[in-house]
Every structure is written in C-alpha cells, then in structure tokens.
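What follows is a set of notes on a single structure, which appears directly below.
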Number of protein chains: 2
Amino acid sequence: MRKVHQNPDNCAVVRTMGYIGGKWKPIVLIRILTGVKVRFGKLAVQMPDISRKILAQQLRELEEDGLIIRHSYMEKPPRVEYELSELGKTLIPVLKAMHDWGAQMEDPAKRSTWEPIIP
Amino acid sequence: MRKVHQNPDNCAVVRTMGYIGGKWKPIVLIRILTGVKVRFGKLAVQMPDISRKILAQQLRELEEDGLIIRHSYMEKPPRVEYELSELGKTLIPVLKAMHDWGAQMEDPAKRSTWEPIIP
DNA sequence: GCCTTTAGTTACAACAAGGTAACCAGGAAT
DNA sequence: ATTCCTGGTTACCTTGTTGTAACTAAAGGC
C-alpha cells in the first residue's frame, strides 16, 4: 500500500486524497476524462512537465485503484490506451469542483475551459 | 513559493492542489470550517496523527494562502484561534465533493458525517 | 522558588516523491 | 544490416515532506 493511502483517522477526505492526491493525478485524470481512449504518448506530449517515468507510475497507480482502464494491444511498436472506468467517472464532480475553484482563483472573469465530453 | 505552488501548465486543477494538496490540509480545513473559532490545542487533540510541528506548519501555510485567519491574543499562556476566511469558505464545495466521494468509497450505505455549520 | 500551561520554534533525522539518463523488445521501413 | 517506433523499466540521485525530541516565554497557583 502506498504511504499516501494510509489513513489512520479513516477520514473521508484523507481517503479521497489517497486516490487523487499527489502532484499530478488530478491533471492526468482530467486529460483522460474526455471520454475517448488516449494513448500514452499523447498524454506525455500534452503534459510535458511530467516525466514519462512519473506519468507511467501515476497511470499504473490509477489503474491499480480502479479509476482508469488500460488497454494494451499486442502490436509492435506497442500501443496502449487509457480511459476512465465507471468508478473513475464518479470522480468527475470532485475534479470539476477542483477545476472550478482553481479557475476562479486565476481570474474570476475568465470563463471555464471545463468541457466534460463523457459518453 | 512552495514547490507545490509551481504550476508551469497554469492548470486550474493543479492550482487547487497547490492550496489544498498535501497530506493534511483538507482534514485541517474540515476541522476549522465548523464556523467557530478553534484553538490550536483543540485541533491538535482532534488530529492526533498530525504532529504539532506539522499542524503548525500547515496552519501557517493556509494563513499565508489566505484560506484561514489566525487570531492571536496577547495572553500568557498564549491563546490562538483559527477560523475560515471568506476565501476559505469558497473551498467548501470542493471539500464537500471530496468528502462525499471518500465517504462513498468507504461504505455506500453509511450516511455522511458532513455537517457544515457555517454562519 | 518551582511547577504548570500554551503555542509554538529549532535542529536534526528519516522517508517518500520526483527527476535523469540509459536501456529494452521486435516488427516495419529504408 | 541499420534505424525508427512505442511504452515502458531500471538504477541512481536530488528534492521535498514528515516526524522526534528538546526547548522557549511569561503569568498564575502553590
């Protein structure tokens, strides 16, 4: 179990942080929740500040936690696609709340770029 | 600026994480948002898993970020009380979304202990 | 005079997270 | 035969976060 998942208080908020806490997970999830399967390489290009190692690690943890689904096609060169699981979709309100708050903090006048395209 | 506040992507979700990310901040905020001023010592007792040093540090950062207000009375022994700022109150929907999701994950049947008592 | 109380701080140590660079497989294209 | 391509992994190192123990001030009670 990852350190971040230890939750001695058994507190709901701490539990949520165990799933989406960490520097990069929320943004990774936001990139994946477009509803379309996304390839690893495309994610890496969209988020140049995350090293590929960390991206791979975060994706693996999100998969272990059941928030995303990993589709691996047995091709060469390899092709791997990610999409939100049903459980992952239940996180959308949380991510949306986080997004909206952050967007407000940047500039109250700026309209949200949040566009959930969930099938 | 704390490392966690660096946001090269200028992403709203990452920005939010800069404020409430970290292992303890959401639970600290939850304890403070009752609407009543809370003393440092009471917070420390309520959250025995957070060392007093870390609690003090998190409170200082939350204050620097303008999410909470620190009232220090010039008494001996000292008395310090914390309360949510107006900006901090805007975080309530975010914290509530996080709380609800985490509560669901624990046990869908269990009813929420979330009871916002905001003046 | 000595002990208690509160809200911290400081120095130090331990650990977790994140980053870099190098490397891999194996089919397709050149 | 060599190079390119993708989606990783591994070893190693740096950075950031958390924890522990000891200490402080200054008033009040005994």
Side-chain angles (χ1 to χ4, degrees), chain A residues 1-9 11 14 17-28 31-32 37-65 68-83, chain B residues 1-9 11 14 17-28 31-32 37-65 68-83:
Chain A
M1 193 186 218
R2 272 162 275 144
K3 218 42 180 208
V4 79
H5 268 206
Q6 291 176 8
N7 187 8
D9 284 329
C11 165
V14 175
M17 289 302 288
Y19 284 87
I20 63 167
K23 204 167 164 184
W24 302 117
K25 276 190 192 161
I27 191 174
V28 169
R31 293 289 173 184
I32 291 178
K37 294 198 191 83
V38 203
R39 292 188 67 165
F40 178 87
K42 198 182 169 193
L43 286 170
V45 169
Q46 286 180 336
M47 298 175 280
D49 294 314
I50 314 183
S51 70
R52 300 182 147 243
K53 175 197 143 188
I54 297 298
L55 179 57
Q57 186 188 103
Q58 304 287 292
L59 288 167
R60 213 181 321 119
E61 292 181 1
L62 289 169
E63 195 205 355
E64 282 167 15
D65 288 341
I68 63 174
I69 298 169
R70 180 177 181 274
H71 301 274
S72 177
Y73 305 90
M74 289 306 163
E75 304 172 355
K76 289 286 170 175
R79 180 161 62 103
V80 174
E81 294 178 341
Y82 293 92
E83 66 172 339
Chain B
M1 192 188 219
R2 274 164 273 143
K3 235 349 183 259
V4 78
H5 268 208
Q6 291 175 8
N7 188 7
D9 283 328
C11 165
V14 175
M17 288 302 288
Y19 284 88
I20 62 166
K23 203 167 162 185
W24 301 116
K25 276 189 192 160
I27 190 173
V28 170
R31 294 287 173 184
I32 292 178
K37 294 198 191 82
V38 202
R39 292 188 66 164
F40 179 86
K42 198 183 168 193
L43 286 170
V45 169
Q46 286 179 335
M47 297 174 281
D49 293 313
I50 314 183
S51 72
R52 301 182 145 243
K53 176 196 143 191
I54 297 298
L55 179 57
Q57 187 189 101
Q58 303 287 292
L59 288 167
R60 211 180 324 118
E61 291 181 2
L62 289 169
E63 194 205 356
E64 281 169 15
D65 289 340
I68 64 175
I69 299 167
R70 180 177 181 275
H71 302 274
S72 176
Y73 305 90
M74 288 307 163
E75 305 172 356
K76 290 287 167 175
R79 181 160 62 101
V80 175
E81 294 178 340
Y82 293 92
E83 65 173 337

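Below, each value reflects all heavy atoms present in this structure, side chains not excepted, and no hydrogens, waters or symmetry copies. Numbers restart at 1 for each chain; the letters A, B, ... are given by sequence-line order, proteins then strands.
- When every heavy atom of Arg39(A) is checked against every heavy atom of Pro78(A), the shortest pair comes out as NH2-O, 3.4 Å.
- Summary of the strand contacts: Pro77(A) and Ile54(A) both lie near DNA chain C, and taking for each the nucleotide with the nearest heavy atom, the more 5' one is attributed to Ile54(A).
- The shortest distance between the side-chain N/O atoms of Arg39(A) and the OP1/OP2 oxygens of dG7(D) is below 4.0 Å.
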* **Derivation and outcome, side-chain contact (heavy atoms from CB on, under 4.5 Å), residues Ile68(B) and Val28(B)** => CA-CA 10 Å; Ile68(B) 64 175; Val28(B) 170; 6.0 Å; no

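- Residue Arg79(A) places none of its side-chain N or O atoms closer than 4.0 Å to OP1 or OP2 of dG8(D).
- Looking only at side-chain heavy atoms (C-beta outward), Ile32(B) and Leu59(B) come within less than 4.5 Å of each other.
- Phosphate contact (OP1/OP2 of dG7(D), side-chain N/O of Arg52(A), threshold under 4.0 Å): absent.
- The shortest non-hydrogen separation linking Lys25(B) to Gly18(B) is NZ-O, 4.5 Å.
- One can place CD1 of Ile68(A) at 14 Å from C1' of dG7(D), the figure rounded to the nearest angstrom.
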* Go through the steps to decide whether Arg52(B) and Phe40(B) satisfy the test side-chain contact (heavy atoms from CB on, under 4.5 Å), and finish with yes or no. => CA-CA 9 Å; Arg52(B) 301 182 145 243; Phe40(B) 179 86; 3.6 Å; yes

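- Closest to the Ser51(B) side chain, of the nucleotides dA7(C), dG8(D), dT20(D), is dT20(D).
- Atom CG in Asp49(B) sits roughly 10 Å away from atom P in dT20(D) (whole-Å rounding).
- Each of Lys76(A) and Arg60(A) lies near DNA chain D, and the nucleotide nearest Lys76(A) is the one positioned closer to the 5' end.
- In this structure, Ile50(A) places its CD1 atom 16 Å from C1' of dT20(C), rounding to the nearest Å.
- Backbone-only contact: Tyr82(B) has heavy atoms under 4.0 Å from sugar-phosphate atoms and none from a base.
- Closest approach to the Arg70(B) side chain among dT9(C), dG18(C), dA7(C) is made by dA7(C) (side chain taken as heavy atoms from C-beta onward).
- Checking dA7(C), dT18(D), dG18(C) against the side-chain heavy atoms of Gln58(B) singles out dT18(D) as nearest.
- Taking atom CE of residue Met74(A) and atom C1' of nucleotide dG27(C), one finds them 15 Å apart after rounding to whole Å.
- Heavy atoms of Glu61(A) sit nowhere under 4.0 angstrom from any nucleic acid atom.
- Atom NZ in Lys23(A) sits about 12 Å away from atom C1' in dT17(D), given to the nearest Å.
- For the pair Glu75(B) CD and dT4(C) P, the interatomic distance rounds to 22 Å; values are reported in whole Å.
- Mapped onto DNA chain C by nearest heavy atom, Pro78(A) and Pro78(B) fall at different nucleotides, with Pro78(B) at the one closer to the 5' end.
- Per the geometry, NZ belonging to Lys53(A) stands 13 Å off C1' belonging to dA22(C), to the nearest Å.
- Spacing between atom CG of Leu55(A) and atom C1' of dT9(D) amounts to 14 Å, rounded to whole angstrom units.
- The shortest distance between the side-chain N/O atoms of Gln57(B) and the OP1/OP2 oxygens of dT9(C) is not below 4.0 Å.
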